[in-house]
*Asks:* 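One structure is given below, represented as structure tokens, and several questions about it will come after.
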Amino acid sequence: TAQERLRSFCIIAHIDHGKSTLADRMLQATGVVQPRDMRAQYLDRMDIERERGITIKSQAVRMPWAVTGADGTAATYALNMIDTPGHVDFSYEVSRSLAACEGAVLLVDAAQGIQAQTLANLYLAIEGDLAIIPVLNKIDLPAAEPQRHAEEIASLIGCDTDDVLQVSGKTGQGVPELLDRIVEAVPPPSGVPDAPARAMIFDSVYDTYRGVVTYVRVVDGALRPRERIEMLSTGAVHDLLEIGVISPEPVPTQGLGPGEVGYLITGVKDVRQSKVGDTVTSALRPATEPLAGYQEPRPMVFSGLFPVDGSDFPALREALDKLKLNDAALTYEPETSVALGFGFRCGYLGLLHLEIIRERLEREFGLDIISTAPSVVYEVTTEDGTTHTVTNPSEFPEGRIAGVREPVVRATILTPSEYVGTVMELCQARRGAMSGMDYLSETRVEMHYTLPLAEIVFDFFDALKSRTRGYASLDYEPDGSQQADLVKVDILLNGDRVDAFSAIVHKEAAYSYGVMMTRRLKELIPRQQFEVPVQAAVGSRVISRETIRALRKDMLAKCYGGDVTRKRKLLEKQKEGKKRMKAIGRVDVPQEAFVAALGAD
Ligand code: GTP
């Protein structure tokens with residue numbers, strides 16, 4: 001039956017280990033993309049994905065593959081390839097893809113060996129009982145060391161080194177053998193064909209022309225075109241206008257059976273009606289038990305987004321509404337800042353997520369925006385015993401604080417053994433506590449740390465890479481919170497607080513943050529008619545100060561008093577300039593100065 005000839009697999013790989021290139025070769029080898037239609041990274045739809053070379057949204061493609069059995073009879077199988085993103089920020093998407101598969105191709109660069117992120121995903125796949133197919137990629141590279149890395153992988157997953165396949169996504173070598181192995185090693189889906197339909201939503205995207213497109217994997221039963229479907233969590237009922245598979249463009253079919261992956265179109269306009277993790281069933285013969293859902297992605301990092309031009313505020317709201325349709329993890333609510341005007345406080349999965357949202361706002365919506373320093377979520381307890389959740393430093397409670405808790409992560413760092421000392425130093429400087437260390441082989445070490453999330457989200461990854469010449473890799477997952485010595489640093493201009501510059505930092509880092517910001521603002525803010533102190537303060541205690549000296553000459557004095565029109569022009573010009581000024585107390589600050597101060601590294 002169709003179910004017995006179905007194989008669903010995903011590819012677990014580190015960024016740049018060649019997953020997209022291998023996927024391209026598979027599309028070609030199976031003939032679903034004709035050579036003349038081929039373009040690099042066929043499955044990465046978004047422009048940003050292609051430019052940055054990262055995969056963000058999970059995709060599912062179906063490919064036919066003919067295999068000749070031992071008895072000489074040929075049979076054609078349907079292979080479902082479920083794409084997974086490689087970056088930490090998007091690991092919640094990975095767990096979704098794993099849940100939709102019976103097998104995982106563990107793809108490792110033969111020159112670099114396995115990386116922390118891959119290892120974490122591999123453990124997830126093993127826990128999920130997936131069949132693991134170990135593959136070394138890029139064996140065409142002169143620097144490839146297939147033997148060494150095959151041993152590493154074999155000892156990790158407990159197989160024979162000969163079982164580790166060797167391929168090159170670049171030349172296509174080994175790809176047909178890999179497809180054969182998938183058919184052989186991955187079990188068919190085990191759903192019950194005549195049970196009431198149950199399908200898991202693993203993605204839903206908004207398409208301008210077709211409305212919401214929902215990606216599902218059918219577990220039991222079947223869904224057919226034109227039938228009425230029900231969302232189990234809400235009981236909402238929709239008509240199924242179209243159902244099909246992606247191969248690699250959408251192809252309508254006569255339905256989806258157990259184990260099949262495809263898309264549904266119901267004409268719904270709001271993705272929130274098609275919630276990821278929900279179970280779809282048939283309205284006529286509904287299932288009663290929902291499938292086990294996914295964990296909701298939770299925003300971990302917050303920052304303010306403000307239009308540089310205040311009149312763009314409605315456009316920014318509209319753009320965020322649109323982005324939200326395809327991105328359940330993005331959150332936002334209106335925020336007002338004295339320095340920056342009207343904007344939104346946004347929540348993200350991590351810094352890469354933040355950057356991608358910002359870039360899409362600028363590129364796809366033509367908005368000029370400024371974002372404030374990212375912050376994690378703090379739990380602040382005041383002396384009267386109430387606890388406040390603080391995602392915005394300017395909301396840090398005034399007065400006496402009994403304690404502050406900050407989120408921590410459990411981090412896994414994989415590094416060549418010669419960098420163990422360097423990595424320890426870095427983690428210590430970032431307030432990390434080591435919880436263990438394992439040697440994967442003589443030359444590769446897996447280190448475990450508990451680290452404050454706030455210390456990781458900014459430049460930790462870059463610091464780790466540059467100190468280990470790019471060899472160490474990092475993975476982390478949330479691990480609760482801890483009490484910490486944190487304070488809020490305020491920046492004052494002539495005694496008035498500039499809200500956008502407040503930051504919550506560790507006590508020991510308060511001074512350096514204060515000095516950096518006051519120096520920066522002194523450089524950027526033009527002189528006024530009077531002397532302006534720029535101060536950094538913790539509570540009422542000033543920890544650093546710079547002074548912007550008063551302006552000496554009257555600008556109009558330049559005009560010799562004679563030429564009236566010139567004088568008027570100059571005044572007009574000044575007025576024009578004023579419009580873009582923000583008044584902080586008595587001090588006029590050009591918006592650009594704030595933008596520059598927040599933008600600088
Ligand atoms: P993400 O989408 O970011 O996870 O990256 P990826 O794993 O999909 O990597 P991608 O396919 O974009 O390949 C990364 C780089 O490795 C590209 O420059 C490819 O050209 C190169 N590459 C991929 N496969 C091979 C291979 O078999 N041999 C060689 N020499 N280079 C390869």
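Each ligand, and each atom within it, is numbered from 1 in the order the structure gives.
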*Asks:* Would you please classify the geometry between the Y419 ring and the Y471 ring as parallel, tilted or perpendicular, with 30° and 60° separating the classes?
*Replies:*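 Because their plane-to-plane angle is under 30°, the rings of Y471 and Y419 count as parallel.
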
*Asks:* So Y449 and M424, do their side chains get closer than 4.5 Å, heavy atoms only?
*Replies:*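 The answer is yes, as the side chains (C-beta and beyond) meet within the 4.5 Å cut-off.
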
*Asks:* Could you list the atoms of ligand 1 found under 4.0 angstrom from a heavy atom of N137?
*Replies:* 24 (N), 27 (O)

*Asks:* Heavy-atom distances under 4.0 Å are what count here, so tell me which part of D140 touches ligand 1: side chain, backbone, both or neither.
*Replies:* side chain

*Asks:* Show which atoms of ligand 1 fall inside a sub-4.0 Å distance from at least one heavy-atom site of G169.
*Replies:*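 In order of numbering, the contacting atoms are 26 (C), 27 (O).
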
*Asks:* Any salt bridge between E364 and K322, counting N to O under 4.0 Å?
*Replies:* no

*Asks:* Do T279 and R198 get their side chains close enough for a donor-acceptor pair, meaning under 3.5 Å?
*Replies:* no

*Asks:* For E455, is there any backbone N or O sitting under 3.5 Å from a side-chain donor or acceptor partner on R430?
*Replies:* yes

*Asks:* With backbone taken as N, CA, C and O and side chain as the heavy atoms from C-beta onward, which portion of S168 lies under 4.0 Å from ligand 1: side chain, backbone, both, or neither?
*Replies:*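 Both backbone and side chain.
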
*Asks:* Which of the atoms in ligand 1, numbered in the order shown and given with their element, are less than 4.0 Å from a heavy-atom of L141?
*Replies:*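 Contacts of ligand 1 toward L141, numbered from 1: 30 (N).
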
*Asks:* Provide the number and element of each atom of ligand 1 under 4.0 Å from a heavy atom of D16.
*Replies:* 5 (O), 6 (P), 7 (O), 9 (O), 14 (C), 16 (O)

*Asks:* Are R444 and E152 within salt-bridge range, i.e. N to O under 4.0 Å?
*Replies:*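 Counted as a salt bridge, because a side-chain N and a carboxylate O are separated by less than 4.0 Å.
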
*Asks:* Using a 4.0 Å cut-off to any heavy atom of T21, which atoms of ligand 1 qualify?
*Replies:* 10 (P), 11 (O), 13 (O), 19 (C), 23 (C), 24 (N)

*Asks:* Which option wins on minimum heavy-atom distance to atom 7 (O) of ligand 1: K19, K138, R25, Q173?
*Replies:*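 Nearest option to atom 7 (O) of ligand 1, by heavy atoms: K19.
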
*Asks:* Considering both backbone and side-chain atoms of G18, is one of its nitrogen or oxygen atoms within less than 3.5 Å of a nitrogen or oxygen in ligand 1?
*Replies:*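 Checking ligand 1 against G18, an N or O pair does fall under 3.5 Å apart.
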
*Asks:* Which is it for T171 and ligand 1 at heavy atoms under 4.0 Å: side chain, backbone, both or neither?
*Replies:*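 For T171, there is no contact with ligand 1 at all, from either part.
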
*Asks:* Using a 4.0 Å cutoff against the non-hydrogen atoms of H14, which atoms of ligand 1 qualify?
*Replies:* 7 (O)

*Asks:* Is the shortest side-chain N to carboxylate O distance from E406 to R431 below 4.0 Å?
*Replies:*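 Judged by the 4.0 Å cut-off on N to carboxylate O distance, E406 and R431 do form a salt bridge.
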
*Asks:* Identify whether the distance between the nearest side-chain nitrogen and carboxylate oxygen of R217 and E102 falls below 4.0 Å.
*Replies:*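 Yes, this pair counts.
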
